[in-house]
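Since the structure comes first, as structure tokens, the remarks are kept for the end.
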Amino acid sequence: MIGKETAAGRAGKFTFLGLWLAFTVFPLYWITATSFKAPGDIFRFPIDYWPEHLSLENYSGLFATADFGTYLVNSLVVATVAGAVATVISMLSAYVLARFEFRTKSALLMAALVTQMIPSFIALGPLYLLMTDLKLVDNHLGLILVYIAVCIPFCTVMLRGFFENIPDALEEAAMIDGLSRFGALFRVLLPVMRPGIVAAFIFNFVNCWNELFLSVTLMNSDSNKTIPTALNGFISSFNIDWGSMSAAAVLTILPTMLLFAFASRHIVQGLTSGAVKG
Amino acid sequence: MSVASTPTKTSTPGRGGATRAGGAPRGGRRKREFTTRRGALIAAFMAPAAVFVAVFTYYPMIAGGQMAFRNWKLTDLTDTSWVGLKNFADVFADPAWGTVLGNTAVWVVGSIVPQLVIGFALALWLRRRFRFRGLYQALIFFPWAISGFLIGILFRWMFNSEFGVVNDLLQKAGLIDEPIAWLADPDTAMVAVLIANIWYGVTFFTIMILAALQSIPDELYEAAALDGAGKARTLFRITIPYIRTTLVLTVLLRVIWIFNFPDLIFGMTGGGPNDETHIVTTWMIQITQQGDYGRASALGLLVVGALLMFAVFFLLATREKKGVRP
């Protein structure tokens, strides 16, 4: 808040900010520290807060016994393709929703909001049957198609916010200069939109990378599994192997965290402009 | 193509307002384009999104919805006859139903209130520049990059009764004498999943509120200071009214998401012990896994219905005179 800050208020503020930071970062530190402990040291007392002997055993086990490399590649392919296609499709619909007024517009926006209310579980059974008919069960293409549909509503709303922040005058000027509407869109608007498009793609990518229930339902052979499905497999047995689990968690979290760190400013802008304008 | 290389940041008058008269022509472009070509363009650009969402979201949802009125069990696929409201009656008659409903209320309220309060406080404080603010924001943003399921696993490890770091830290601080079996005791299990969800969800509020705060003109605060308004008065008379739309929409969206967010609980407790951390959607997963699609769908329809009703009432109750449109 704007106004004079007292010394006590300032101290309180930074104490809170510090505590919150510690609370946010500690679980991430802890899972990382666990992953680098030798399997025997994980269950030792007193608890080792700063692992003395760093060990890569948990990681090597992951690739030797669980074929984690395949899951990583599968997730990478599915999330990249689905994220990219969903971004392109959402760009088209977001453009129309931002630049035109038409009769079905509020109905379409409402339909997008309703998708957020549907528990994905209600659709799982019929989706499985649909995919069986299309012969796309246990097939990455099938999962990609479903993920595209999952990403579109929110991505459209987010990109619409970005489009609305760019003045109409930009395209109008280009069209007066003799470009068609398509020319204006692709050669003038899209370059300006680049940060928003990157943010939307990253958001989609992370959502697909993290999705669990659809992939568990649609993928059944081991060589087709994505990472969340594999993680779920790790805990379905009675005992969790915490060493492998923490190594797997670190490998799962790291890529998305790097992407978010890289694009967080754009994502913040995208989320807010999309939601504030509604 | 000089236009492309100079991305202008000019503000156009009349674009920032929350409301815009529907269908009113905005400039010459609008008038020129009231043609069938305009309609064709809208249809062509909307079509891919509409087709994908219709085929892979709405069709399965509607098909799943009608399962709620059929006998649809994986164990007995030969008989998928209509049973009317039997699945709903079975849901209501289940002894777990009351527990699940109560848990869902605790889960939603117990998550949203701390998330909103802490998120608001962080946003107010982050509004002022300080050293490393950018880094700070990037760091507290991280939980958002992680899947709810994995967050559940992360906290499950930390709340482990034997080797968990939470017990160790509490004992070191002298707050407890002996380890607590966090996830085995119904009361503490709910507290543990709520802590995990607060860890995850505060960031979203912080981001949304911070962005809205940055749109408040400084002059308003200067005027308030001249009038001698105190901190609380400034907060309730200027800050909150000004970002009202953002607050309303963020709370609405978050309530929907939290209500409909089984991932974290699924990874952390699986709904246990004794259904004590089951919310409606995790219970629905369990029923699906038991193969009773009919009953799970009935639950799903109840969720959609409850959320739709909530959205309508919430938007009506918080509507401004101008009208907040979703």
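In what follows, chains are A, B, ... by sequence order, proteins preceding strands, each numbered from 1.
Both the backbone and the side chain of A/P119 come within less than 4.5 Å of a heavy atom of chain B. Neither the backbone nor the side chain of B/V280 comes within less than 4.5 Å of any heavy atom in chain A. Only the side chain of B/Y58 comes within contact range of chain A, with heavy atoms under 4.5 Å apart. Using a 4.5 Å cut-off between heavy atoms, B/A311 touches chain A through its side chain atoms alone. Interface residue B/L301: backbone and side-chain heavy atoms are both found under 4.5 Å from chain A. In this structure, no portion of B/A296 lies under 4.5 Å from any heavy atom of chain A. Residue A/L212 touches chain B through its side chain alone, counting heavy-atom pairs closer than 4.5 Å. Contact annotation for A/Y49: only side-chain heavy atoms (C-beta onward) come within less than 4.5 Å of a heavy atom of chain B. Interface residue A/I42: backbone and side-chain heavy atoms are both found under 4.5 Å from chain B. Looking at A/L108, only its side chain comes within 4.5 Å of chain B, counting heavy atoms on both sides. Using a 4.5 Å cut-off between heavy atoms, B/I198 touches chain A through backbone and side chain atoms alike. Using a 4.5 Å cut-off between heavy atoms, B/Y59 contacts chain A through its side chain alone, with no backbone atom that close. With a 4.5 Å cut-off on non-hydrogen atoms, A/M91 does not touch chain B at all. For A/T34, the part lying under 4.5 angstrom from a heavy atom of chain B is the side chain only. Contact annotation for B/F310: neither backbone nor side-chain heavy atoms come within less than 4.5 Å of a heavy atom of chain A. With a 4.5 angstrom heavy-atom cutoff, A/L145 touches chain B via backbone and side-chain atoms both. In this structure, chain B has no heavy atom under 4.5 Å from any part of A/S90. Of the two parts of A/A86, neither the backbone nor the side chain holds a non-hydrogen atom closer than 4.5 Å to a non-hydrogen atom of chain B. For chain B, the nearby part of A/L185 is the side chain; its heavy atoms alone come within less than 4.5 Å. Heavy-atom distances place both the backbone and the side chain of B/I195 under 4.5 Å from chain A.
Distance CZ/A/F102 to CD1/B/I42: 5.0 Å, rounded to 0.5 Å. One distance of note links CE of B/M46 with OH of A/Y95; it measures 14.0 Å at 0.5 Å rounding. Separating the OH atom in A/Y147 from the CZ atom in B/F52 is a distance of 14.5 Å, to the nearest 0.5 Å. To the nearest 0.5 angstrom, A/I118 atom CD1 is 9.0 Å from B/N260 atom CG. Atoms CG and CE, on B/L308 and A/M110 in that order, are 6.5 Å from each other to the nearest 0.5 Å. A/S120 OG to B/M284 CE: the interatomic distance, rounded to the nearest 0.5 Å, is 7.5 Å.
Looking only at side-chain heavy atoms (C-beta outward), B/I153 and A/M245 come within less than 4.5 Å of each other. Counting heavy atoms from C-beta outward, B/L124 and A/K13 have side chains that stay 4.5 Å or more apart. A 4.5 Å side-chain heavy-atom check between A/I89 and B/F45 finds every atom pair outside the cut-off. Side-chain contact between A/F26 and B/M158: present, with at least one pair of heavy atoms (C-beta onward) separated by less than 4.5 Å. By the 4.5 Å heavy-atom criterion applied to side chains, B/W157 and A/W30 are counted as neighbours. Looking at heavy atoms from C-beta onward, B/V202 lies in side-chain contact with A/W20 at the 4.5 angstrom threshold. Residues B/F130 and A/R10 fail the side-chain proximity criterion, which asks for heavy atoms closer than 4.5 Å.
Ranked by heavy-atom pairs under 4.5 Å with chain A, the first of B/L169, B/L74, B/I62 is B/L169. Contacts with chain A were tallied for B/T203, B/L154, B/L210, B/L213; B/L154 has the most, counting heavy-atom pairs under 4.5 Å. Listed options B/V304, B/I216, B/I256, B/T281 were ranked by heavy-atom pairs under 4.5 angstrom with chain A; first place goes to B/I256. Comparing A/T252, A/T104, A/L259, A/V114 by heavy-atom pairs within less than 4.5 Å of chain B, the highest count is held by A/V114. With respect to chain A, the highest number of heavy-atom pairs below 4.5 Å among B/L139, B/D263, B/L126 belongs to B/D263. The residue among A/L127, A/V206, A/L124, A/L97 with the most heavy atom pairs within less than 4.5 Å of chain B is A/L127. Highest contact tally toward chain A, considering only B/N160, B/L41, B/I151, is held by B/L41 [criterion: heavy-atom pairs under 4.5 Å]. The greatest number of non-hydrogen atom pairs below 4.5 Å with chain B, out of A/A261, A/S93, A/S246, is found for A/S93. For the set B/L122, B/V53, B/I285, B/I238, the entry with the most heavy-atom pairs within less than 4.5 Å of chain A is B/I285.
Taking every heavy atom of both residues into account, A/T24 and B/I140 meet most closely at CG2-CA, 3.9 Å. Considering every non-hydrogen atom in both B/P60 and A/P126, the closest pair reads O-CG, 3.4 Å. Between B/S297 and A/I122, the shortest heavy-atom contact is O-CD1, 3.8 Å. For B/Y293 against A/G125, the heavy-atom pair with the smallest separation is CE2-CA, 3.3 Å.
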- Could you walk me through whether B/I118 and A/F16 pass side-chain contact (heavy atoms from CB on, under 4.5 Å), step by step? CA-CA 10 Å; B/I118 300 171; A/F16 190 92; 3.9 Å; yes
- Task: Please step through side-chain contact (heavy atoms from CB on, under 4.5 Å) for the pair A/V25 and B/F142, ending with a clear verdict.
- Result: CA-CA 8 Å; A/V25 174; B/F142 278 149; over 6 Å; no
- Message: Please evaluate residues B/F56 and A/M131 with respect to the criterion side-chain contact (heavy atoms from CB on, under 4.5 Å), reporting the C-alpha separation (whole Å), side-chain torsions for both, the decisive distance (0.1 Å), and the verdict.
- Response: CA-CA 10 Å; B/F56 295 108; A/M131 286 299 168; 3.3 Å; yes
- Could you go step by step and tell me if A/T115 and B/M61 meet the side-chain contact (heavy atoms from CB on, under 4.5 Å) rule? CA-CA 9 Å; A/T115 60; B/M61 181 196 73; over 6 Å; no
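Looking at residues two or more places apart in sequence or on another chain, you find a side chain to side chain contact (heavy atoms under 4.5 Å, CB included) between B/S147 and A/N210, B/F149, B/L150. By the side chain to side chain contact (heavy atoms under 4.5 Å, CB included) test, B/A145 pairs with A/T256, A/M257, A/F260, sequence neighbours left out.
In this structure, the side chain of B/W199 engages the main chain of A/F23 through a donor-acceptor pair within 3.5 Å. Not one N or O on the side chain of B/Y136 forms a donor-acceptor pair closer than 3.5 Å with the backbone of A/G18.
With a 6.0 Å radius and a threshold of 12 heavy atoms from other residues, nucleotides or ligands, B/R133 has its CZ atom above the threshold.
Between A/F213 and B/F266, the gap from one ring centroid to the other is short of 6.0 Å.
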